[in-house]
Amino acid sequence: MKLSQFFATLIMVGLPLLLCAQSPINGFMQGKGKGNVVVSYFSESYDEVFLVPQKIQGVPVFDEVTLNSVSLFATYGLSDRLDVILNLPYITAKGAASEALLNDLGFDGERSGLQDLSVYLKYNPLDYKVGAGTLRFIGALGLVTPLSNYPVNEGLQSILAIGNRATSLNTFLLAQYQMDMGLFASAQAGYSLRNNDVPNAILSEIKVGYAGKSFYADAWMGSQRSTSGVDILGLGFQGFFPETKVNYTRAGINLFVPVAKGFGISAGANTYLNGRNVGDATGFYGGIVLSY
Amino acid sequence: MKTRNRFLYAFYALFAITLFTGCQEDYNDIEPTIAGIAVANGSFNLLEAAAIRGGVAVVLSNENPNDPNGSYTVFAPTDEAFAKLGLNRAEDLAVLQVPFLTSTLLYHVSNGDLLSSSIRAGLSSPSLLGPNRRFIERGNDLYINGSKILATNVNAANGTVHVIDKVMLATGVDIVQSAIALSNANVFIVPELSFLVEAVLYAELAGALTQSPGSPSFTVFAPTDQAFRELGQLLGVPLEQPADIRKLPKETVTAVLLNHVIADGGRFTPELGSGPTDPLGGVSLNLGAFVDGALTIRGNGNMMPANIVIPDVQTTNGVVHVIDRVLLP
């Protein structure tokens, strides 16, 4: 691949608006017997909601919603070409409604619990040496399923639901070109098949970054497009939030710095660029990465 | 090399897919529902909260099953309209019983699209609650009951919204039963008009104010419980609980009550003219100027005029205006 081709790729990446809550799949493989464990803390909040046709100020009832989560993320190389990935978040969703209003409506101001366990198998069948870099293809298959019986059908109380309690089967196809000097760009697209009346969705993400010995950094944009569903307070809305059409484009950055052998710290931020039936949240995370 | 190029094209194709799916959609051509308009518009925060508390938010998100076009028409009170009743924040709605709040909301709703071109003074429109609302002209303004229509024909995916400056209230029962509903805390969570109900029973006026076939309709100024307590202080007769009304001479109570009833068919505030008006008691009341939808009422024996604290309550045999002072003949 010539440099001009690489930059053509970069321009494509940088073009319009893109993609989604961060995909669990990236373009790097662990290698047989290697892996890492990440414990991270993520916090985001929103006081505006992307409804259609317009964004609204103030979350109904709760005014502002803050989501905090602690996640355990682990990945392990079963072979040089096959990784297994696990993710498990504990989420707390808190609203800003007054006690008086909560009491009057019989609502809770906070909901928390173990959310959904994700298990992915990530397979890298092909690597091609192209120019001064490597073009890599990856396919991934994952199952995401709720671990606790958190409620989702409580009318507007469910604005604070910690998830949609669907089990989903997710597939991703990813391509990444990484230059020998460390710069890389990747693109992925996926499909998420979901039960419990939650609309299926097309997922995608593109990412550019640098993976070197002294640090790692990337910037990404990702999107979800539900293939069906109703709008909140739109025609057909029955107060059941899981069946809403949830579209969004999110962008963020990730940083990782190794501190000592087998130990590093990571941090990142992300925000919504646009959306439909989703809070306009901006969030930040920090994590501890243990590699082995 | 060809294989490599093929894969590079595949890589580009993947980018193209992600770019395509990531493109921002334009939602501007999606029409909001009535509930969506209430939530999106910053002037309808209390209406939004009321719709949530009263359980009609989902109803007004959907098509009307009782209309061929699936439409509702909603006369939507602004936040200022709620503020006129002392309802400034979502929390304040807790003073109202939920069934009454739901009924009140349904009184603002009708089946079908009632466009401004079909609205004229003298016409009336049935509500989803049941009772009709009537259109009134005063000056250059058009009113529905006592509420001024501020904006018309806001188009929604499931109907039409008109904006009004006062919350409309209807009890669905006659004057006596309306007052009893208030005194039994079926409207507010605390009893109101309890002294008035006791006074009406004591003065044996319940029959006259009860609806029966062919019975007349009235405009009634209904003093609050606090107004009666203050009257007690004025008279030096402690009125601490409703039964204390019976400490006063029956003829006096009767005369005072008749001073609050006008046999004019029942008028909303925009139909009330300033100046003297004759109640059943025979001694003229003096109505103040009509300003911002409200006016004052002074009895012949009052130093200070009474203010209307809850205007334009529609009953089946007249219109009740709740006032903060007893009108003395």
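- The candidate with the highest count of non-hydrogen atom pairs below 4.5 Å against chain A, out of B:Ala156, B:Pro32, B:Ala35, is B:Pro32.
- Between B:Glu48 and A:Pro60, the closest side-chain pair of non-hydrogen atoms falls below 4.5 Å.
- Taking 4.5 Å as the limit, every side-chain heavy atom of A:Asp104 sits out of range of all side-chain heavy atoms of B:Glu91.
- The CG atom of A:Leu156 lies 5.0 Å from the CD1 atom of B:Ile52; values are rounded to the nearest 0.5 Å.
- Near-neighbour residues of residues 63-89 of chain B relative to chain A, defined by a heavy atom under 4.5 Å from a heavy atom of that chain, comprise B:Glu63.
- Note that CD of A:Gln57 and CG of B:Asn41 are 11.5 Å apart. Values are rounded to the nearest 0.5 Å.
- Within the 4.5 angstrom heavy-atom criterion, no atom of B:Ala49 approaches chain A.
- When A:Gln238, A:Gln54, A:Lys55 are compared by the number of non-hydrogen pairs under 4.5 Å with chain B, A:Gln238 comes out ahead.
- When B:Asn62, B:Val39, B:Val58 are each tested for a side chain to side chain contact (heavy atoms under 4.5 Å, CB included) with A:Leu233, only one passes: B:Val39.
- Considering CG of A:Leu235 and CD1 of B:Ile30, their distance stands at 10.5 Å, rounded to 0.5 Å.
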